[in-house]
Each structure stands twice: as C-alpha cells, then as structure tokens.
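Working notes, beginning with the structure itself.
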Amino acid sequence: MTELSQSPAQMSQRNRSCLLFLVVGGLILLSAVSLSLLPRRVQTEVRLADGRVFRIEAVTFGTNHAVGPGDGWLVPLRKVLPARVIRFITPRRGRSQQTTDRPALAVWVYALDAAKEKYVDCQGVQATLVDEHGDAYPANWSSHGSFSGGFNRQAHVFQVFPRRPAKLELRLKPWRAAESSAVEIRNPASRTDAASWTPEGIPATHQVGDLKFTLESLVIQTNGGPTRYWEPDSRHWQPVLKLTEQGQPATNWEPPEWAAEDGTGNRGKTLGLHEPILRFIATSRPKPDAVTDEAKRWRLPQVNLPTTTNGMQWNTNRALAAVSTTVLGLFPPGAYTFSQGQLTNAPGPTAANFGWTGMSKQISPGKLQHWQTHRTTNYTAYVRRVVAKPEQQIAVGLRDEQGRTTWGQSSAGDEQRGLFAFAFDLSPGTQQVTLVVVVLEPAQVEFVVKPHNP
C-alpha cells in the first residue's frame, strides 16, 4: 500500500482550519453557556394608544449611561473569522451610551408591533414621570439609536424627576394620541434626605454691582397643550423677576433667565408645585448691542446670503475673553447634520420635527457614532464655543446693508462639544450680511424661598 504524504503548506492550512474550528466552536459554546447562566428577567412592558408595545430595557442614573452588551471583543476576531461568523456572534441589541453634564435619570426603551413579532420605531413619544402629588416631570431630551435587524432604542433623559420614592410612575404617550399609558419603574436615585435651606421672604432683592435683582412673586406656569403635541403637560413655579440699574429699569441688560433647585438635587424648571423649599438662580447678561469692548466682539467678512444647502462655510476660530469660538458657517433653511462637532451627512432618515434631534448608530464592533440634526426654516449660523465657566454665553448676529443687526435665537445641539444653532429672522430683501460674535459676561444671584401651597 502506498502511503500518502502532505506538504508543509497543506499541513499549515489544515492546522489553521482546525484552529478556526476550535475558536468558533468555543465562542459559540461560551455564548450559549453564558446566556444559560444569565437571570431570565422579564422586562417591564406597556401597550401604547397607537398599538405599539414598549419595553423598559433599563433605568440608569448618573453622568455616564450605558445599556446593552459591548462588542469590543469582536475587534481582534474580525481578522481571523469569516464575516458570516462575525454576523452570527454579534449582539443583535448592541450597546448605547449617553453622557450628561449633571447626574440625570435615563429610561431606555424599545418597541415592538402589536403582535410582538418585530421591532418598530420607538420615536414620537412623550415620556413623563409623575409623583405622588400628581406633579408631572417631562423628559428634558431623548436620544435614539439604531442597530441591525430593525432593533432601535431610545433614551429618555430626565434632569428633573421625583427623587424620594423607590418606585416611579412612567407615562408614555404617542405625540398625537389623546391617552397616555402608565407603567411602574424602579428609581435608582431614591433618597430620603434633602439639603436644609433657610428661606427668605417674598419679595426679596439682591445686588451685583449697580444691578438689583428682585424676586417679586411666584406664579404657576403650565407647559404643553394641543399645539405642542411633543411636549407633555406639566405645571411648575415660575419666578416673577425685576432688574434695575441705579434705581432705573436695566435697559442695557437682558431680562433675567432662571433655573430652580430643590433639596434633593434637581436643577431645572419643571420641579412641580409641592417641593417645600426652592432655590431660584437668576442670571442676566448685557444686551449684545451694549457690549463695546472690542476684546469681546468679532466681525467676519461681509458675504452674500447663501442660496444652496452648501451654505457659507468658514470653520474659523478665535478666542474672545477666554471663550474659544469656532464659526462653522451660515446656511439657508433646511436640515443639517453634525457628528463630533463637524458638518456631515445624516446616516439615515431623521425626524421631521423642527429643532434638534439626535441619533446614534453602531458603525463597527466596539464603536458607536452620534449625530445631531437641526431642521430650520430660517437662515442659521452654526457655532462651537468653549467657555471658562458655564454661565458665559455668546451672541451671534447678522448685520445687513442698512446697518441693522438681527441677533439669532440659540439652541444647543451638542452640549459636550458646545455646538449651537443661531437662527435669524431677517428683514425681507436682505442680501448682504456681516456675521458678528459677542461674548456676554453674566451677573447672577440666588433666592431661597418657600412657595405657598397650590
């Protein structure tokens, strides 16, 4: 009998095949064993008025939020395993992450169709937390992410929410539906202690330099309503503030902005009506036209208003009074998408509502990319700014041929990178403009008060 021999190359190929078989088999076995050891937790679910079934995947608290399995371990395996194997072992519901500048609560949800047979879009929903008094705490913003197989999830982020109870009532309501659906979730930030503050009487006055801030009264503000279908109904205390300079109305200063804090750690506006003591932080800044210090002003070259979606792109930077400012460009009405603070293409369909919407997508194992899209009906300048202190702001204006300056209305797209949109309501017939950036240094005071019972 003749004995067959193998060449070294054949033996090497056979060894590689055996090794690949062992690696793949080991991974599949390890995955199966790991899954069998995981607790079989039934996720809380609720059916909405439009028929979708929403599942609460996780509730997180802090400044760094994450849900779903990571897949960074797949990166080295992509070099040795076939693509079909990588697809097989890649988690179907990948990892989503969200960061907040202050500790916040995030409710992570995904949606199924009425028959619970396939994933459906989980956007277009109001999310509200309700306390034992019936006070509503709406989500401050939402972030959406898509994965393979149609799976997508959304994080509803609450900077303000009831912090005392161990359980929270979550209400979900489709944007244009009449009814909401309620479900109970755990509160990962439950606490029974609260800061001890000594209230002052109302009215109250505090002074900064020549400026006097007066808290005259508190009134009840109601948000939401039929014309704002995306905004949950809620009520909260709103301060009535007066600002004077040397005994006269402070005409060179903007009306005071405000935020409220309670003793449990909430900071925002929608703190409900039943907190026993609140602290109101009032902040005013000079009107842009009143800032004459050239170290705080920046004028770009005069240009014609852009007429195409390419816009007028500058990408130019300057430091103004310790504020680093980058003017990305000026654009006509439309939808514009940014990622990592730079103008880019949208990765897929974006929400049709105006303003900012967020999207996250897994672009490779272990790598998640975020996009922010701004949809506007106005000419808009997009600017990045890095401030030395949170209270500092910038104003961005367009000066026309007649010397009139229109100051833009700002909205934040990416707080982490300081990306803002400044939308302008220009006079008809405007053709040539000069973009102006001004740094606004703040004046700020605090009031600690005891609201009356509603």
Side-chain angles (χ1 to χ4, degrees), residues 254 285-321 323-347 350-359 370-387 392-440:
E254 297 288 353
R285 298 171 183 83
K287 292 182 178 179
D289 289 321
V291 178
T292 58
D293 186 350
E294 288 300 319
K296 299 178 182 178
R297 299 181 69 91
W298 177 22
R299 296 177 181 84
L300 276 71
Q302 188 180 63
V303 297
N304 292 323
L305 283 176
T307 56
T308 68
T309 54
N310 291 330
M312 176 61 66
Q313 299 186 40
W314 281 296
N315 287 310
T316 183
N317 177 272
R318 179 171 293 186
L320 297 171
V323 178
S324 176
T325 304
T326 301
V327 178
L328 300 177
L330 176 65
F331 297 84
Y336 302 93
T337 299
F338 299 82
S339 183
Q340 298 180 338
Q342 297 292 339
L343 184 67
T344 186
N345 295 321
T350 58
N353 55 299
F354 291 97
W356 288 100
T357 55
M359 177 181 293
H370 306 277
W371 291 265
Q372 298 82 31
T373 296
H374 184 254
R375 189 180 298 273
T376 176
T377 57
N378 301 79
Y379 276 93
T380 302
Y382 295 98
V383 179
R384 292 199 312 269
R385 61 113 174 99
V386 179
V387 297
Q392 285 179 314
Q393 288 189 5
I394 61 172
V396 178
L398 292 181
R399 185 179 176 87
D400 63 18
E401 305 96 317
Q402 284 74 41
R404 300 169 299 188
T405 301
T406 301
W407 297 99
Q409 295 294 318
S410 67
S411 59
D414 186 344
E415 291 276 9
Q416 186 177 6
R417 293 181 171 83
L419 175 64
F420 286 82
F422 291 83
F424 305 98
D425 187 10
L426 295 174
S427 299
T430 302
Q431 295 183 351
Q432 290 187 322
V433 294
T434 300
L435 190 141
V436 183
V437 181
V438 177
V439 172
L440 307 176

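In what follows, every heavy atom counts, from backbone to side chain, and hydrogens, waters and symmetry copies are set aside.
Listed by first and then second residue, the side chain to side chain donor-acceptor pair (under 3.5 Å) pairs that reach into residues 423-438 are Asn304-Gln432, sequence neighbours excluded.
With Thr325 as the partner, the side chain to side chain contact (heavy atoms under 4.5 Å, CB included) test is satisfied by one option alone out of Val383, Val438, Thr316, Val387: Val383.
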Checklist entry - Would Val433 and Thr406 count as a side chain to side chain contact (heavy atoms under 4.5 Å, CB included) if you check the C-alpha gap in whole Å, the side-chain angles of each, and the deciding distance to 0.1 Å? => result CA-CA 10 Å; Val433 294; Thr406 301; over 6 Å; no
Item to check | side chain to side chain contact (heavy atoms under 4.5 Å, CB included) between Phe420 and Val396, intermediate numbers included | outcome: CA-CA 10 Å; Phe420 286 82; Val396 178; over 6 Å; no
Checklist entry - For Leu435 and Val327, what are the C-alpha separation, side-chain angles and deciding distance, and is it a side chain to side chain contact (heavy atoms under 4.5 Å, CB included)? => result CA-CA 9 Å; Leu435 190 141; Val327 178; 4.2 Å; yes
Next on the checklist: For Leu330 and Phe424: C-alpha separation, side-chain torsions, deciding distance, then whether side chain to side chain contact (heavy atoms under 4.5 Å, CB included) applies.
Outcome noted: CA-CA 10 Å; Leu330 176 65; Phe424 305 98; 4.2 Å; yes
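The two residues Gly341 and Arg417 make their nearest non-hydrogen contact at N-CD, 3.5 Å. Minimum interatomic distance between Met359 and Pro347 (heavy atoms only, all atoms of both residues): SD-CG, 3.6 Å. When every heavy atom of Ser410 is checked against every heavy atom of Phe422, the shortest pair comes out as CB-CE2, 3.4 Å. Closest of all the heavy-atom pairs between Val291 and Arg297 is O-NH1, 2.8 Å. Shortest non-hydrogen contact noted between Leu440 and Ala395 is CD1-CB, 3.9 Å. Contact between Gln342 and Asn315 at its shortest, heavy atoms only, is OE1-OD1, 4.0 Å.
Under the 4.5 Å side-chain criterion, counting only non-hydrogen atoms from C-beta, Tyr336 is in contact with Thr309. Side-chain contact between Arg384 and Ser324 is absent, with no heavy-atom pair separated by less than 4.5 Å.
Atom OG1 of residue Thr326 and atom CG of residue Leu419 lie 10.5 Å apart, to the nearest 0.5 angstrom. Interatomic distance, Ser339 OG to His370 NE2, rounded to the nearest 0.5 Å: 8.5 Å. The structure places CD of Gln409 at 11.5 Å from OG1 of Thr376, a figure rounded to the nearest 0.5 Å. Note that NE2 of His374 is 13.5 Å distant from CG of Asp414, once rounded to the nearest 0.5 Å. Atom CZ of Arg399 and atom OG1 of Thr405 lie 4.5 Å apart (nearest 0.5 Å). Between atom CG of residue Leu305 and atom CZ of residue Phe331 there is a gap of 13.0 Å, rounded to the nearest 0.5 Å.
The aromatic rings of Tyr382 and Phe338 are tilted relative to each other, their planes meeting at an angle between 30° and 60°.
Taking the salt bridge (Lys or Arg N to Asp or Glu O under 4.0 Å) definition, one finds that Arg385 meets it with nothing, sequence neighbours left out.
In summary, the side chains of Trp356 and Ser411 do present a donor paired with an acceptor at a separation below 3.5 Å, with no hydrogens or angles considered.
For Asn345, the CG atom counts as loosely surrounded, since its 6.0 Å shell holds 12 or fewer non-hydrogen atoms of other residues, nucleotides or ligands.
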